[in-house]
Amino acid sequence: MYHIKKEFEALIADAKTEEDIKQIKAKFLGKKGKVSELFKQMGGLGDEQKKEFGKNINKLKQYIEDSLTNKQTQIKEIRKKESLEKESIDVTLPARRGFLGSIHPITKTIIEIEDIFKSMGFDVETGYEIEFDRYNFEMLNIPKEHPARDMQDTFYINDNVLLRTHTSPTQIRVMESKKPPVMFISPGKVYRRDSDITHSPMFHQVEGLLIDKDIHFSDLKGVLSDFLKIFFGDVPVRFRPSYFPFTEPSAEVDIGCIICGGKGCRVCSNTGYLEVLGCGMVHPNVLKNVNYPDEYNGFAFGLGVERFAMLKYGIDNIKLFFENDIRFLKQFS
Ligand code: PHE
């Protein structure tokens, strides 16, 4: 018994890890351990001796158990101290510099457009990306058989609900909730089943609407010409007759090609002009649909933000806006 005790003491003194403790425990207290073996030797002894021997084994067992527990606590404490020392923080070190991102070119372009219109007195409104067919088409005087309502062009969610194909439903939303006069722009995402180097299934538009008494086409021309000249610099602006179901008369607006200066190039298809806007005087049916009084009229316009950004910053692939390559985005900080 004495030898067992000495052997145990030598081992425990050397133990450094919890794994060592586990092994020592198995060696002495396990089923086939040294202490268990001692109990087996009791068989051949007389009653008195048995009592004495048993007492001593139990004492030894208790001693081993206590020593193991103590050692284990010691090991844990040493480990804790070590890790505290290793992980300690030097609070006198200078702070790491945070990484500052930059504004996305689309956001930047929207902010530039907003600033120009705000300076003219326009408010900024928001609409809904998920819209009713009624607001995206019906209330805007777009009849059931209009080609824009084709499944080929529009993402339908069900028969009545869709992803808006333009920001024009916001015209209806605002006019339904506000009495005239109204004067606002509304930037936001729109969705169309279209994808190539200049088209993306999700892109951004800015809608504009001005309703008041005595508004004329000349007001539309003045506001949009000024806006385009501020945004693109001093470029020629021309209005061409066009068609939209929700405006009458309607026009498309071109600016002199800013790539070639009007000489003709690939970007302007050798015309010297770039189409940048759709607009017109709000159709009487639209004003009737929102119950605006007869003496009110006005104009509306819509523009594509990606197109504005591509032209202003000379970007030739729309995918660059959505890939989020940090080397591209960084250039707009
Ligand atoms: N909603 C039209 C489009 O997406 C643009 C537009 C808006 C035209 C307002 C006229 C008036 O093409």
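Read the numbers this way: they start at 1 and go in the same order the structure lists the ligands and their atoms. The shown structure was predicted, so the numbers you read here are calculated from the model rather than taken from an experiment.
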### Message
Looking only at the aromatic ring of each residue, does the gap between the centers of F332 and Y313 stay below 6.0 angstrom?
### Response
yes
#### Entry: Cationic N near anionic O, under 4.0 Å, E37 to K40
yes
Show me a pair-per-line table, with atom names and distances to 0.1 Å, of protein N or O atoms that are under 3.5 Å from an N or O of ligand 1.
residue  : atom  : partner : partner atom : Å
ligand 1 : 1 (N) : H166    : ND1          : 3.0
ligand 1 : 1 (N) : S168    : OG           : 3.0
ligand 1 : 4 (O) : R192    : NH2          : 2.9
ligand 1 : 4 (O) : Q205    : NE2          : 3.0

### Query
Centre of Y128's six-membered ring, under 6.0 Å away, within 45 degrees of the axis: is that where NZ or CZ of R173 sits?
no
### Query
Should M120 and V174 be counted in the same cluster of Ile, Leu, Val, Met, Phe, Trp and Tyr side chains packed under 4.5 Å apart?
yes
### Query
Just checking, is any N or O donor in the side chain of H199 or D196 under 3.5 Å from an acceptor N or O on the other one?
yes
### Task
Not counting sequence neighbours, list each pair that qualifies as a salt bridge (Lys or Arg N to Asp or Glu O under 4.0 Å) and has a residue in residues 49-68.
none
